[in-house]
Structures are given as C-alpha cells and as structure tokens.
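Small disclaimer: the values here were computed from a predicted structure and weren't measured. Residue numbers start from 1 in every chain, and the chains themselves are labelled A, B, ... in the order their sequence lines are given, proteins ahead of strands.
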Amino acid sequence: MQDILPKEFFEKYDTLSLARHLLGCTLVHNSPEGLTAGIIVETEAYLQNDPACHAYRKKTPRNAAMFEKPGISYVYFIYGVYHCFNIVSGQKDTGEAVLIRALEPVDGIELMQQRRGTTQLKNLCSGPGKLVTAMGINRDFNFLPVYSHHFYCLPPKDENPEIVTTTRIGITRGADLLYRFYLKGNQFVSKIVKEKPAAP
DNA sequence: CTAATGATGAACT
DNA sequence: GTTCATCATTAGG
C-alpha cells in the first residue's frame, strides 16, 4: 500500500479534473469484516456555483465536510434510506466535491454480496447508494480522509482511459450541466445514457 | 410509474 | 419551537 494516492493528488486538480482523474482509481476499504475494493467507474462533479450542490447556498452543519480540505470524505443521508459518498475537492472552503456514483467490484466480492443481499455482480455497486452499502461506508466516514490507513484510493493502471462526459442523473436543478463522467463501455455504471442526438 | 424514509434549511409564530 | 417542502435514490410492479 505504498502507492496509495496521497493528499497532494486531491489538491493538484480542480473539481472537474479530479472527477475525471478519479475514474479508474481503486477505492479500498479495509474494514473489520474484511477488505472490499472497487474501481471507480462513474463520478459527478459538484461545484460552488452549481444549483445542485449542497454547498451552493452557504455552509451548514450538514454540508460542513464539503468545506474541508480536498481528499476528505463527505457522506450524507438522502431520501431517508441511502447514503451518498463524495470526495471533497478544490481549495479548502470552496465547498466543492466529487460524488462517487459507481464502482466495479474487484475485491471482497463475497462480503459485498453479503452486505447488499444479492449475488448479481453488476448490481453490487452500480449506484451511489449501492456502492456505499457494498463497501460498508456509513455516516462515520464523514470527514474521514480517503488517504487513511484502512480507507484509501489506488492510482489507475490505465493512465488515459476513455472517458464519456454527460449530464448528471437524479437531480432537478442544473440538470443540463455536463458534470458526469464515466469509463466508456464499462458495464458497472449506474445507468448508461444513450448518446444524445445532435441538438436541433 | 410510485412509495418509502429521515435529515435539513427556511419560514413562520 | 414548530412545521413544511425538498432531496445528489432504490426497489418493485
């Protein structure tokens, strides 16, 4: 684990760049129950001036983690049912983050299946709420750096993966912004959107 | 398509 | 202090 991504990695990119550079990285959680890991195949960027961003208006206790240093986790509860996992990005106090939307399971798959209650590989981490469950992430991960000993990222093997840029999913505001990125052709993304026909 | 579900911020008194 | 609308989702039909 000598080559985990250091905090400098998260500091050197702006939010949109980081969202792209995180694709292909492996997210690892070494929990007491066992180790789980998955390749990040889908991300979304949330910027300061973006109406869909939690930090769009102002700093609150809930979104405080978004104003932390880059590389800090921001985990929050949504719809009373599921959690979403973000990695803070940009400069400290800017309130920007990258939402991890999907993983390709690579390690601890049995444990993921156990936690998710399904054996379908493609269904384990294909969505923000799902991957959080599969990886055993919970609210305690809020403020936890993703360069911790038991929770960290590994660099991608492919330096220049093919990345598709598209619109975000499941939000009502800022829905036309191209802030969603995923690895082209990967089957583990939450939803494969057909390419838009050329605008009239 | 819809229900389920809880935390939150904003807008009241 | 209380109430209400909102929310970056998922599962099930």
Side-chain N,O (A:T60) to OP1/OP2 (B:dG9) below 4.0 Å: yes

So [Y] and [X], do their side chains get closer than 4.5 Å, heavy atoms only?
| X | Y | answer |
| --- | --- | --- |
| A:Y74 | A:H54 | yes |
| A:F151 | A:F141 | yes |
| A:R116 | A:N123 | yes |
| A:Y182 | A:V41 | no |

May I have the distance from [X] (atom [atom1]) to [N] (atom [atom2]), rounded to whole angstrom?
| X | N | atom1 | atom2 | result |
| --- | --- | --- | --- | --- |
| A:Y56 | C:dC7 | OH | C1' | 16 Å |
| A:M66 | C:dA8 | CE | C1' | 10 Å |
| A:N86 | C:dT9 | CG | P | 11 Å |
| A:R180 | C:dT9 | CZ | P | 10 Å |
| A:H83 | C:dT10 | NE2 | C1' | 13 Å |
| A:L47 | C:dA8 | CG | C1' | 13 Å |
| A:N63 | B:dT8 | CG | C1' | 10 Å |
| A:I87 | C:dA8 | CD1 | C1' | 15 Å |

NZ or CZ of A:R101 within 45° of A:F181 ring axis and under 6.0 Å: no

Check: C:dA8 base within 3.5 Å donor-acceptor of A:Y79 side chain: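 No.
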
Complement of C:dA8, any strand, by Watson-Crick or G-U distances under 3.5 angstrom: none

Between [options], which nucleotide gets closest to the side-chain atoms of [X]?
| X | options | value |
| --- | --- | --- |
| A:Y46 | B:dT5, B:dT8, C:dA8 | C:dA8 |
| A:Y82 | C:dA11, C:dA8, B:dT8 | C:dA11 |
| A:F77 | C:dA8, B:dA4, B:dA7 | B:dA7 |
| A:R116 | C:dT10, B:dG9, C:dA11 | C:dA11 |
| A:K130 | B:dA7, C:dT10, C:dC7 | C:dT10 |

Touch class at under 4.0 angstrom, heavy-atom based, for A:I171 against every strand present: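 Sugar-phosphate, backbone atoms only, no base.
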
Sugar-phosphate, base or nothing in reach of A:R101, heavy atoms under 4.0 Å: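 Sugar-phosphate contact only.
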
